[in-house]
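Only one structure is covered here, and it is reproduced in the block below.
Quick caveat, the model's predicted, so the values are computed rather than measured.
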Amino acid sequence: MNPHEAPAMTDDHKPTTKLDMTADVSLQLLEQATDGVVIINERNEVVFFNPAAEKLWGFTEEEVIGRNVSCLVPSVYRADHDSYIYKNRKTGVNRIVGTSREVTFENKAGDYISGEMSISTALLGPEKKRYYMAFMKGVTEESHRRKLLDLQNTVFQAISNDMQVEDVADLVCREVESFVPNTVSAIILLDENNRLSILSGPGLPRRYAAALENMVLTEGDLAALGNDLSEANSIVWDSYRSLGISLGLHNCWASAIKSRNGRISGIFALYSRNQYKLSDWPQKIVTGCVPFCSVVIENYEAQQHISQLANHDSLTGFLNRTAIHKVIKSMIDRPGDNQFAVFMIDVDRFRDINDTLGHQNGDSFLKAIAERLKGMSRSNYILSRSGGDEFVIVMPDSDEEKASAFAEGLIKAMQEPIEIAGNLLVVSLGIGISVFPENGPDGESLLGHAEIAMRRCKKEARGGFCVSSTADNRAAQDRLLLGSALRESLAKGMLNLHYQPQVDIKTGKLYGVEALSRWKHPTLGNIYPSRFIAVAEDTGQIETIGTWSLEEATRQIIDWERQGLHVPTVSVNLSAAHFRNRGLPALIERILKERKLSPERLCVEITESVMMDENEDTMEGLAAIRNLGVGLSMDDFGTGYSSLSRLTRLPLTEIKIDRSFIMNLEHDPNAQAVTTAVIGIGNRLNMTVVTEGVETEAQLKLLRGLNCDVVQGYLFARPMAPEDLLKWAEGPDMARVSGMACEVLHEGEQKK
């Protein structure tokens with residue numbers, strides 16, 4: 001027979017080279033497949049689990065067959081897994097069927113495994129029941145190597161694009177946490193004093209981070225890390241295991257980070273919330289991250305060095321003007337009873353020295369003065385050169401008596417001549433002193449009062465010193481007193497909210513309410529909002545008031561609901577400082593969830609200063625709040641520096657016309673023109689237009705004719721306590737408001 005001929009066939013036999021593909025043969029092929037194979041029936045029960053799948057998941061066939069397939073998916077998805085499958089069964093929309101994708105799952109030991117998964121589905125049997133078959137190929141090692149390489153490239157690209165190093169560090173931590181689910185990571189710096197500090201650890205519990213930041217490494221610790229980078233685990237975990245477990249952390253993998261010169265510059269740590277110990281691949285990931293973490297830290301240190309140069313005077317090495325303002329602010333913001341003195345020092349007749357001896361010798365003279373000031377100051381004093389011949393010294397833990405004694409010492413020390421270019425020069429100083437908190441609640445006030453005292457000294461007591469007088473700081477003391485009382489009132493819950501109704505001009509129904517802060521002090525009496533809000537902004541308490549207002553207003557709207565009053569929405573005023581806080585959207589989201597309140601029931605009012613703020617955090621915060629479904633209202637529109645181009649770019653739902661435009665609306669054509677324009681802008685931008693300060697029916701009729709949407713003002717109701725608003729809504733006042741609106745609407749229809 002010719003070997004190239006086809007095999008002979010008879011009536012009784014098929015070709016002997018073709019194998020019958022029976023069900024048994026198909027099952028044997030699936031059993032012996034090198035990839036894991038899992039088949040589930042119409043009840044999502046596992047009906048087939050081959051040896052390769054056993055090896056991947058660590059379960060035996062007997063442990064899996066007959067169980068719901070959710071036992072093979074990560075625990076965080078198990079509760080919802082059936083619903084995903086049933087959705088596919090019902091809709092037939094295949095998002096993962098027929099595709100190949102990388103997934104992460106848990107094996108029996110609780111370890112996370114990466115795999116490439118493809119899913120097929122078929123209708124089988126006479127009843128056409130739908131079965132699903134998944135093929136899974138383990139790719140853990142390859143996947144992690146690829147992810148680490150991708151992350152490394154991303155880090156280098158981010159650094160080359162001048163991304164802030166703190167943001168790059170956050171990026172590393174977030175990506176590594178996605179590699180190993182249910183973990184938190186941290187990049188920890190080691191400063192020149194061998195103290196640990198957290199560069200990035202967004203998911204790290206605050207108590208644990210605080211514990212790490214109090215640690216100072218010994219020479220023995222550094223030697224151990226130098227010999228074995230993995231010794232970092234004993235430093236950031238073994239000593240704090242009990243605290244970590246109490247905070248939900250159960251395991252840790254860590255490695256020290258070496259800089260290019262061999263110095264230990266930090267530690268990269270990965271903490272797991274899983275109670276069982278994972279395999280060694282998280283440690284491999286940590287080790288793989290160390291090289292580019294080293295680059296991140298080196299860039300951070302370089303930026304810090306640049307910042308050091310930017311914050312210091314090149315001639316004397318003292319802090320510059322910008323930096324001393326920041327230092328004073330940080331000292332003011334410290335909790336507890338804080339007291340310090342600010343010295344403004346000016347060199348008498350320095351211009352004569354400059355003109356006579358030249359600028360180079362003048363600089364030498366200033367350096368000599370700086371050295372003498374430094375020699376007279378203790379190590380915790382802060383020194384600054386704020387101008388050509390002006391110096392600032394901040395003396396911590398000082399009152400007026402201590403400050404005066406130090407000033408006398410400075411004057412005496414300066415009587416010793418300084419030799420410059422063969423000339424013996426005697427220094428004469430003018431010194432002005434202000435004291436916190438007596439002379440002001442903020443840095444500007446303190447420096448301003450010190451400067452006023454210094455200039456008074458140069459006029460009245462040249463070569464001496466003056467302390468800021470009572471006349472200089474009387475206003476500051478008033479703000480201090482009010483600020484202290486406000487802080488106490490906030491702590492004791494003495495503030496309350498009143499609510500002014502907002503009325504739908506077309507229906508006469510309640511559109512919502514605006515929440516307004518009220519403060520009645522037991523000894524100071526009623527404090528006007530315009531006064532205590534300004535103090536709150538100056539003393540850093542405005543964010544606390546805003547947070548309290550959100551909490552209280554949303555609580556009240558739910559309380560009214562229980563009492564049978566439906567208030568569609570409540571508007572809360574927040575300050576510009578609040579919107580620069582990245583945590584504001586998360587705060588609002590938390591409050592709404594706790595109250596079980598729909599987002600549209602809350603509207604946040606912003607000022608025009610927020611509108612004009614180009615700060616990226618502010619813009620992202622506004623967008624995030626709007627994405628929650630919460631309303632955004634531009635308060636007092638038109639009274640500041642409104643920009644129509646900015647208005648169109650903001651995610652606003654509402655603009656409010658300030659009462660100043662309404663006061664003369666009936667008689668002032670200019671006020672009518674502006675109001676008409678604002679309402680037109682709002683209508684065209686699909687924003688609700690709210691007008692404040694409506695006090696007469698004539699104003700109401702004019703606004704109705706201009707297509708204003710919502711009105712509020714004394715014509716309808718003054719701001720009132722929650723219980724009074726309930727009575728107002730259920731009583732004749734609300735009926736009167738509805739009647740006015742209907743009458744205005746009827747007149748408008750007749751004119752048409």
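- No hydrogens or angles considered: nothing links the side chains of Ser330 and Asp333 as a donor-acceptor pair under 3.5 Å.
- With hydrogens and angles ignored, the 3.5 Å screen pairs no side-chain donor or acceptor of Glu175 with any backbone N or O of Leu171.
- When only modelled atom types and interatomic distance are considered, Asn573 and Glu514 share a side-chain donor-acceptor pair under 3.5 Å.
- For the ring pair (Phe, Tyr, Trp, His ring centres under 6.0 Å) test, residues two or more places apart in sequence or in another chain that qualify with Tyr499 are Trp560.
- For His498, the side-chain contact (heavy atoms from CB on, under 4.5 Å) test picks out Asn496, Arg518, Pro719, Ala721, with sequence neighbours left out.
- Under a 3.5 Å cut-off, the side chain of Asn161 and the backbone N or O of Gln157 do form a donor-acceptor pair.
- Note that the CG atom of Asn439 and the NE2 atom of His449 stand 6.0 Å from one another [nearest 0.5 Å].
- Formation of a donor-acceptor pair under 3.5 Å by the Asp658 side chain with backbone atoms of Ser660 is found in this model.
- Listed by chain and number, the residues in a side chain to side chain donor-acceptor pair (under 3.5 Å) with Arg487 amount to none (sequence neighbours excluded).
- Counting only heavy atoms from C-beta outward, the side chains of Val604 and Leu622 never approach each other to under 4.5 Å.
- With hydrogens and angles left out, the side-chain atoms of Asn320 and Thr322 include no donor and acceptor closer than 3.5 Å.
- Within the 3.5 Å criterion, the main-chain N or O of Arg334 finds no donor-acceptor partner in the side chain of Asn338.
- Atom-to-atom distance recorded for Leu148:CG and Phe179:CZ is 5.5 Å, nearest 0.5 angstrom.
- Leu706 is linked by a side-chain contact (heavy atoms from CB on, under 4.5 Å) to Thr675, Thr676, Ile679, counting only residues two or more places apart in sequence or in another chain.
- For Arg718 and Tyr714, the positive end sits near the middle of the six-membered ring, less than 6.0 Å away and at most 45° from its axis.
- Using a 4.5 Å heavy-atom threshold, the side chains of Lys520 and Leu495 count as separate.
- Leu516 places none of its side-chain heavy atoms less than 4.5 Å from the side chain of Pro529.
- Every residue meeting the side chain to side chain donor-acceptor pair (under 3.5 Å) condition with Ser633, not counting sequence neighbours, appears here in chain and number order: Glu654.
- Residue Met494 qualifies as enclosed at atom CE: its count of foreign heavy atoms under 6.0 Å is above 12.
- Taking the charged nitrogens against the carboxylate oxygens, Glu177 and Arg273 have no contact shorter than 4.0 Å, which rules out a salt bridge.
- For the pair Ser434/Leu447, no side-chain contact is recorded, criterion being any heavy-atom separation below 4.5 Å from C-beta on.
- Looking at Ile198 and Ile187, their side chains never come closer than 4.5 Å, going by heavy atoms from C-beta outward.
- Distance check, rounded to the nearest 0.5 Å: CD1 of Ile297 to OG of Ser265 gives 4.0 Å.
- Scanning for salt bridge (charged side-chain N to carboxylate O under 4.0 Å, His left out) contacts around Arg659 gives an empty result, with sequence neighbours left out.
- Each of Leu628, Val630, Ile557, Thr569 was checked for a side-chain contact (heavy atoms from CB on, under 4.5 Å) with Leu602, and the lone residue meeting it is Val630.
- Ser489 is linked by a side chain to side chain donor-acceptor pair (under 3.5 Å) to Trp519, counting only residues two or more places apart in sequence or in another chain.
- No side-chain heavy atom of Tyr511 sits less than 4.5 Å from a side-chain heavy atom of Asp709.
- Ala717 is linked by a side-chain contact (heavy atoms from CB on, under 4.5 Å) to Pro501, Met720, Trp728, counting only residues two or more places apart in sequence or in another chain.
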List, one per line, each side-chain donor-acceptor pair under 3.5 Å for residues 685-692, sequence neighbours excluded.
| from | atom 1 | to | atom 2 | distance (Å) |
| --- | --- | --- | --- | --- |
| Glu692 | OE2 | Lys656 | NZ | 3.2 |

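- A 4.5 Å side-chain heavy-atom check between Arg601 and His566 finds at least one atom pair inside the cut-off.
- Partners of Gln500 by side chain to side chain donor-acceptor pair (under 3.5 Å), not counting sequence neighbours, listed by chain and number: Gln712.
- Qualifying ring pair (Phe, Tyr, Trp, His ring centres under 6.0 Å) partners for Phe716, counting only residues two or more places apart in sequence or in other chains: none.
- Judged as a salt bridge (charged side-chain N to carboxylate O under 4.0 Å, His left out), the pairs with a partner in residues 591-600 (not counting sequence neighbours) are, in order, Glu551-Arg595, Glu589-Lys593, Arg590-Glu594.
- Residues Leu190 and Leu196 have side chains in contact (heavy-atom distance under 4.5 Å, counting atoms from C-beta outward).
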